[in-house]
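Take a look at the structure set out below.
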Amino acid sequence: MVKLTMIARVTDGLPLAEGLDDGRDQKDVEFYKQQAKLLFKNLSKGQHEASRMSIETGPYFFHYIIEGRVCYLTMCDRSYPKKLAFQYLEDLKNEFERVNGNQIETAARPYAFIKFDTFIQKTKKLYLDTRTQRNLAKLNDELYEVHQIMTRNVQEVLGVGEKLDQVSELSTRLTSESRIYADKARDLNRQ
């Protein structure tokens, strides 16, 4: 389940929008918000390895996407599928860029796009239950993609296997022909 959502500018770590929580687990949420803000500060210093990453934090995972100059971050339970978390972030990214894309660099105060919370809450509800038909379809799509990749890899390996068989066969033939050549060379030397 998605617990926290924040959007920040990467260049300076300025929080741009946040999915407001419902008040449950208030002390925990504040602690993790502080961790998220520290993460944004580190990202603003250029301390990020990948544009997509999951970071373990206690019983949760932070998942983030950095696209252009914006970091989209969510915190989910450990059991929440990563694919859905990243799909959720993709949906947020697409809408945020569509609505606020040209104003991101000019935002001067924290949470300048707080109205985006409405979209965050609507999207969060769509991803709330991992067993809904919509979310299962997304997970099945990922499984299909992985299956296609694995099939492709197996086919490539089989292709390499055929090539290895050909090389082995050529090697065997070369060995037998070199023995014949050695025998003929010995016979010529005797004559």
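By convention here, the first residue in the shown sequence is residue 1.
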Cluster check F31, M6: I/L/V/M/F/W/Y, side chain < 4.5 angstrom:
yes

Value rounded to 0.5 Å, distance of CZ in R109 from CG in L14
10.0 Å

Which is it for K3 and Y60 under the side-chain contact (heavy atoms from CB on, under 4.5 Å) test, yes or no, and what are the steps along the way?
CA-CA 9 Å; K3 299 284 189 184; Y60 305 109; 3.8 Å; yes

Determine the interplanar angle of the F61 and H63 rings, folded into 0 to 90°, and report it as parallel if under 30°, tilted if 30 to 60°, perpendicular if over 60°.
parallel

Would you check if L73 and L39 make a side-chain contact, meaning some heavy-atom pair closer than 4.5 Å?
yes

Can you find a pair of side-chain heavy atoms, one from S54 and one from K82, that are under 4.5 Å apart?
yes

Smallest heavy-atom separation, G101 atom then R69 atom, equals O-NH2, 3.0 Å

Side-chain heavy-atom pair Q87, Y127 within 4.5 angstrom cut-off
yes

Path from L126 to I65 over hydrophobic side-chain contacts below 4.5 Å:
yes

Does R9 use its side chain to pair, donor to acceptor, with the backbone of I104 at less than 3.5 Å?
yes

Does the side-chain contact (heavy atoms from CB on, under 4.5 Å) test come out yes or no for Q103 and N100, once each step is laid out?
CA-CA 5 Å; Q103 302 167 6; N100 304 310; 4.1 Å; yes

Can you confirm whether R78 is buried at CZ, in the sense that more than 12 heavy atoms of other residues, nucleotides or ligands lie under 6.0 Å from that atom?
yes

Separation between NZ of K83 and CD of E90, rounded to the nearest 0.5 Å:
8.5 Å

Are V99 and V70 linked, directly or through other ILVMFWY residues, by side chains that come within less than 4.5 angstrom of each other?
no

Q191 and D187: side chain donor to acceptor below 3.5 Å:
no

Quick one: are F40 and C71 in side-chain contact, heavy atoms under 4.5 Å?
yes

Under 4.0 Å between a Lys/Arg side-chain N and an Asp/Glu carboxylate O for D183 and R186?
yes

Looking just at side-chain N and O atoms, do E18 and Y111 make a donor-acceptor pair shorter than 3.5 Å?
yes

So Y72 and I66, do their side chains get closer than 4.5 Å, heavy atoms only?
no

Let me see the working for Q35 and T57 under side-chain hydrogen bond (donor to acceptor under 3.5 Å, both in side chains), right down to the final yes or no.
CA-CA 9 Å; Q35 280 190 337; T57 175; 2.5 Å; yes

Are side-chain heavy atoms of K125 and K122 found at a separation under 4.5 Å?
no

Which value, rounded to the nearest 0.5 Å, describes the distance between C76 atom SG and F86 atom CZ?
9.0 Å

Atom OG1 in T5, atom CZ in F116: separation rounded to 0.5 Å?
10.0 Å

So, T74 versus Y64: side-chain donor-acceptor pair below 3.5 Å or not?
no

Nearest heavy-atom neighbours spanning P59 and Y32
CD-OH, 3.4 Å

My understanding is that only one of D91, L92, L84 makes a side chain to side chain contact (heavy atoms under 4.5 Å, CB included) with Y88; could you say which?
L92

Test: R173 and E177 ion pair at under 4.0 Å
no

How far does CD1 of I114 sit from CD1 of I120, to the nearest 0.5 angstrom?
7.5 Å

Locate the shortest heavy-atom distance separating A107 from F113; write the atom from each residue and the value.
CB-CE1, 3.9 Å

Working for side-chain contact (heavy atoms from CB on, under 4.5 Å), residues F96 and L16:
CA-CA 10 Å; F96 192 78; L16 300 173; 4.2 Å; yes

What distance do F119 atom CZ and R98 atom CZ have between them, rounded to the nearest 0.5 Å?
8.0 Å

